[in-house]
K.L.:
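Please read through the structure below; I'll follow up with questions.
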Number of protein chains: 2
Amino acid sequence: MSASELAERLRAVGLKVTGPRIAILDAVERNSNHPSAEDIYQELVDTHPSLSLSTVYGTLSAFVKAGLVRKLSEVDGRLRVDGTKTPHDHAICRMCGAIFDIEPNPKKAPTSLSELPDGLAVLDVRVEYDVVCSECKPTPF
Amino acid sequence: MSASELAERLRAVGLKVTGPRIAILDAVERNSNHPSAEDIYQELVDTHPSLSLSTVYGTLSAFVKAGLVRKLSEVDGRLRVDGTKTPHDHAICRMCGAIFDIEPNPKKAPTSLSELPDGLAVLDVRVEYDVVCSECKPTPF
DNA sequence: TACTAAATCGGAATGATTATGATCTCGCGT
DNA sequence: ACGCGAGATCATAATCATTCCGATTTAGTA
């Protein structure tokens, strides 16, 4: 996606367009490995030497609030984000930390949002499977 | 639940029966507010003065591995556990951190385990709604 | 082009969790 | 009942992802 298209995406959600934001949004959407803040920083620091890790944290936080990226549960104590456009579920291996994308079964979606009680305004839904992947299978417990 | 019943539960999953473990299992199952490790420690330290916070962490970890309690996503950077026997979904207010129990709609359960690809062995499933609760509603963003 | 609020930077501070190593104790076998 | 050994507990220190801070820079507007 070109820089001007990325800039337009930022404007569309009311965020100022800056160099770091374009670079980070691009990196998050390009990286389908559910990167951590540190992952993104390491991926960008070569081409953006002045980038600060604290900017990555702040920018990701702004993106999550704006709905540009989704936040996963922490894995191994690290925040992980998902910048893909089509929501899907995740399976997280509790042995090695690998994250697998799981296509949600549309007929078996989680409780539909309108059925939630009271005045809860829903920002996002996460469906996560704690698993042991085939790599780690030999000693599951 | 009596101490001997709690002890039996521990034995059933292959865990040694100790004073701290009985106290922590009791506290987790009694406390329906999805407590953090610190919450449990504070709840028990008066009656168990020698209890160590690190024991609470280690014991909770053992309980999660044994399937006695479930782990939720971190809220405000803290681990939260759920010791109730009947699994249910959760709505987490991202403004104030409150956690609400959501009764899952049985007709709309998440992807059934047998449909997961490959050799993934499923330990647990989490369905979590990020919400803004009615208390925090006025300024949702 | 000047102004202002917001964004960025770098480093220090925070704080939940984990690691460590020295006791203690449960559960088993004698 | 007693002793043994593996595992549990304790107290403290270390870790490290994340947040906070004040100073500086910059985007967007008039």
Side-chain angles (χ1 to χ4, degrees), chain A residues 3-4 6-25 27 34-42 44-45 47-66 68-69 71-81 94 97 141, chain B residues 3-4 6-25 27 34-42 44-45 47-66 68-69 71-81 94 97 141:
Chain A
S4 61
L6 291 165
E8 190 46 49
R9 304 264 313 285
L10 290 170
R11 265 189 288 273
V13 295
L15 290 174
K16 266 192 193 175
V17 176
T18 69
R21 285 183 173 175
I22 289 178
I24 292 169
L25 182 57
H34 314 90
S36 67
E38 179 74 29
D39 291 336
I40 294 164
Y41 175 72
Q42 289 302 334
L44 293 175
V45 72
T47 50
H48 301 74
S50 73
L51 181 65
S52 167
L53 179 56
S54 66
T55 299
V56 176
Y57 275 102
T59 302
L60 287 180
S61 174
F63 286 0
V64 168
K65 214 181 279 190
L68 289 177
V69 308
K71 205 198 308 199
L72 279 62
S73 287
E74 281 111 56
V75 179
D76 299 329
R78 277 188 297 276
L79 165 80
R80 306 281 286 266
V81 296
R94 289 300 165 186
F141 280 76
Chain B
S4 61
L6 291 165
E8 190 46 49
R9 304 265 311 286
L10 290 170
R11 267 188 287 270
V13 295
L15 291 174
K16 265 192 195 176
V17 176
T18 68
R21 286 184 172 173
I22 289 179
I24 292 169
L25 181 57
H34 313 90
S36 66
E38 180 73 29
D39 291 336
I40 294 164
Y41 174 72
Q42 289 302 334
L44 292 175
V45 71
T47 50
H48 301 72
S50 73
L51 181 67
S52 167
L53 178 56
S54 67
T55 298
V56 176
Y57 275 103
T59 301
L60 286 180
S61 176
F63 285 0
V64 168
K65 213 181 280 189
L68 288 177
V69 309
K71 204 193 318 195
L72 278 62
S73 290
E74 278 116 57
V75 178
D76 301 328
R78 277 188 297 277
L79 164 79
R80 306 281 286 264
V81 297
R94 288 300 163 185
F141 279 77

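Order of the sequence lines sets the chain letters (A, B, ...), proteins ahead of strands, with each chain counted from 1. Computed from a prediction, not measured in an experiment: that's the story for all the values here.
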K.L.:
Rounded to whole Å, how long is the line connecting atom CZ of A/F63 with atom C1' of C/dT8?
P.N.:
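These atoms are roughly 13 Å apart.
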K.L.:
What's the CG-C1' distance between A/D39 and D/dT18, to the nearest Å?
P.N.:
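Going from CG in A/D39 over to C1' in D/dT18 covers 15 Å.
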K.L.:
Restricting to nitrogen or oxygen on both sides, can you table the protein-nucleotides 28-30 of chain C pairs closer than 3.5 Å?
P.N.:
none

K.L.:
Using whole Å, report how far CG of B/L60 lies from P of C/dT18.
P.N.:
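Rounded to whole Å, this separation is 10 Å.
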K.L.:
Heavy atoms only: give me the nearest B/L53-B/E38 pair and the separation to one decimal.
P.N.:
CD2-OE1, 3.6 Å
K.L.:
Looking at every heavy atom in both A/R21 and A/K16, which two are closest together, and how far apart are they?
P.N.:
NH1-O, 3.1 Å
K.L.:
Report yes or no: does A/T47 contribute a side-chain atom to a donor-acceptor pair with the main-chain N or O of A/L44 at less than 3.5 Å?
P.N.:
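It does hold such a pair.
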K.L.:
Just how far, in rounded Å, is P of C/dT17 from CZ of A/R78?
P.N.:
15 Å
K.L.:
Any side-chain heavy-atom pair from B/Y41 and B/I24 closer than 4.5 angstrom?
P.N.:
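The answer is no, as the side chains (C-beta and beyond) never meet within the 4.5 Å cut-off.
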K.L.:
Give the nucleotide from the list D/dC10, D/dA17, C/dA16 with an atom nearest to the side chain of B/Y57.
P.N.:
C/dA16
K.L.:
Summarise protein proximity over nucleotides 20-30 of chain D in one line of letters, 5' to 3': B for base, S for sugar-phosphate only, - for none, counting protein heavy atoms closer than 4.0 Å.
P.N.:
B------BS--
K.L.:
Figure out the CD1/P separation between A/I22 and C/dT8, and round it to whole Å.
P.N.:
11 Å
K.L.:
Measure the spacing between OG of A/S36 and OH of A/Y57 and express it to the nearest 0.5 Å.
P.N.:
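Output value for this atom pair is 7.0 Å.
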K.L.:
Calculate the interatomic distance between B/L53 atom CG and D/dA13 atom C1'; express it in whole Å.
P.N.:
14 Å
K.L.:
NA contact type, B/S50, heavy-atom cut-off 4.0 Å: base, sugar-phosphate, or nothing?
P.N.:
sugar-phosphate
K.L.:
Identify whether any heavy atom of B/S36 sits under 4.0 Å from a base atom; if not, whether one sits that close to sugar-phosphate; answer base, sugar-phosphate or nothing.
P.N.:
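Touches nothing.
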K.L.:
Taking the side chain as everything from C-beta on, heavy atoms only, tell me whether A/L15 gets closer than 4.5 Å to A/L68.
P.N.:
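Yes, at least one pair of side-chain atoms sits under 4.5 Å.
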K.L.:
If only atom types and distance count, is the side chain of B/R80 paired as donor or acceptor with the main-chain N or O of B/L72 below 3.5 Å?
P.N.:
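No; judged by distance alone, with no hydrogens or angles, the pair does not exist.
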K.L.:
Please report the distance, rounded to the nearest Å, between CD1 in A/I40 and P in C/dT8.
P.N.:
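Checked: the CD1 to P distance equals 14 Å.
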K.L.:
Can any side-chain N or O of B/T55 pair as donor or acceptor with the backbone N or O of B/L51 at less than 3.5 Å?
P.N.:
no
K.L.:
Report yes if the side chains of B/V81 and B/I40 come closer than 4.5 Å at any heavy-atom pair, otherwise no.
P.N.:
yes
K.L.:
Round to a whole Å and report the spacing from CD of B/E38 to P of C/dT18.
P.N.:
14 Å
